[in-house]
Amino acid sequence: MNYDELADLYALQYRDYTDDLEFYARLADSQGGPVLELGAGQGRVAAHLARRGVEVWALEPSAAMRERGEASTRSLPVRWIAGEMRDFALDRRFPLIIAPFNALMHLYTLANQDAAIERVAHHLEAGGVFAFDLYNPLLIRADGALRLEGRYGEVEVFYHQEHHPAAQRLLTHYLVCEAGGGPRRRYTLDQRYFTRYEVARWLGGAGFDASLKGGFHGEPFTATSPVMVWTARRVS
Ligand SMILES: C[S@@+](CC[C@H](N)C(=O)[O-])C[C@H]1O[C@@H](n2cnc3c(N)ncnc32)[C@H](O)[C@@H]1O
């Protein structure tokens with residue numbers, strides 16, 4: 001999906017989200033740079049790594065997301081690239097490739113997933129690491145109820161979710177209301193979730209030795225873990 005329409009809302013919702021930053025920073029410290037980030041959004045993670053002196057190549061298809069990312073990393077060693085994770089081609093390999101915060105949930109088909117993992121393997125150095133985090137689908141409770149997602153100054157954001165289990169698809173419908181009765185805006189986030197063993201097979205089949213955790217501090221993965229945190233080393 002194209003995030004252009006969602007870019008303003010995304011900036012409000014996630015400007016203070018930091019849960020994953022130290023996890024990716026530790027990996028960058030141990031693997032070294034440059035780091036390639038797939039679906040780099042507005043540069044939330046890229047900026048954090050770059051402030052520590054790590055060079056980041058930030059791949060992002062949405063022009064509106066990229067513009068915000070470029071603005072927030074202007075004086076930092078971040079190189080922005082317009083592109084999709086299923087068909088990018090860069091003239092170097094990386095010791096670390098990351099896809100933070102559900103970016104892989106925009107690979108909607110098996111063909112997209114196969115193409116993306118082939119591109120990742122191609123761009124990783126031997127022994128390089130591919131790391132990403134995904135929403136734990138066991139937590140989905142899409143009962144259709146409208147809920148308050150957050151208040152951001154004068155803006156209130158409500159959402160309701162639509163779950164299509166047979167398609168492993170989750171639609172999140174946002175309703176954005178400005179104080180003082182301004183126009184209401186609606187956006188839909190379209191995500192295709194991965195199950196645990198689907199990811200394991202995907203990575204194993206592409207020559208990765210993968211490990212799953214249920215949090216950013218090495219917690220075991222359980223049915224109630226908020227995230228699936230995957231670290232996969234390329235072994236063949
Ligand atoms: C949930 S955001 C995560 C952004 C960023 N990684 C972060 O942690 O804040 C997902 C991002 O993936 C991007 N995206 C969607 N489809 C993509 C694709 N096919 N290839 C690469 N990025 C994609 C979106 O434009 C969006 O910026």
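Indexing begins at 1, ligand by ligand and atom by atom, following the structure's order.
No continuous path of ILVMFWY side-chain contacts below 4.5 Å connects Leu134 to Val45, so the two sit in separate hydrophobic clusters.
Taken to the nearest 0.5 Å, the CG atom of Asn136 stands 11.0 Å off from the OH atom of Tyr193.
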Exercise answer, ligand 1 polar atom pairs (N/O) under 3.5 angstrom:
| residue | atom | partner | partner atom | Å |
| --- | --- | --- | --- | --- |
| ligand 1 | 6 (N) | Glu37 | OE2 | 3.0 |
| ligand 1 | 6 (N) | Gly39 | O | 2.7 |
| ligand 1 | 6 (N) | Pro100 | O | 3.3 |
| ligand 1 | 8 (O) | Arg44 | NH2 | 2.8 |
| ligand 1 | 9 (O) | Tyr10 | OH | 2.8 |
| ligand 1 | 9 (O) | Arg44 | NE | 2.9 |
| ligand 1 | 19 (N) | Glu84 | OE1 | 2.6 |
| ligand 1 | 20 (N) | Met85 | N | 2.9 |
| ligand 1 | 25 (O) | Glu60 | OE2 | 2.6 |
| ligand 1 | 27 (O) | Glu60 | OE1 | 2.7 |
| ligand 1 | 27 (O) | Glu60 | OE2 | 3.3 |

Do any side-chain atoms of residues 51-59 form donor-acceptor pairs under 3.5 angstrom with protein atoms, and if so which ones, sequence neighbours left out?
| residue | atom | partner | partner atom | Å |
| --- | --- | --- | --- | --- |
| Arg52 | NH2 | Asp29 | OD2 | 2.6 |
| Glu55 | OE2 | Trp57 | NE1 | 2.7 |

Under 3.5 Å, which donor-acceptor pairs link side chains of residues 119-126 to any protein atom two or more places apart or in another chain?
| residue | atom | partner | partner atom | Å |
| --- | --- | --- | --- | --- |
| Arg119 | NH1 | Phe88 | O | 3.1 |
| His123 | ND1 | Arg119 | O | 2.8 |
| His123 | NE2 | Leu90 | N | 2.9 |

Please tabulate, for the side chains in residues 138-146, all donor-acceptor contacts under 3.5 angstrom to protein atoms that are two or more places apart in sequence or on a different chain.
| residue | atom | partner | partner atom | Å |
| --- | --- | --- | --- | --- |
| Arg141 | NH1 | Leu138 | O | 3.4 |
| Asp143 | OD1 | Ala145 | N | 3.0 |
| Asp143 | OD1 | Arg147 | NH1 | 3.1 |
| Asp143 | OD2 | Arg147 | NH2 | 2.9 |

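Counting heavy atoms from C-beta outward, Tyr14 and Asp16 have side chains that stay 4.5 Å or more apart.
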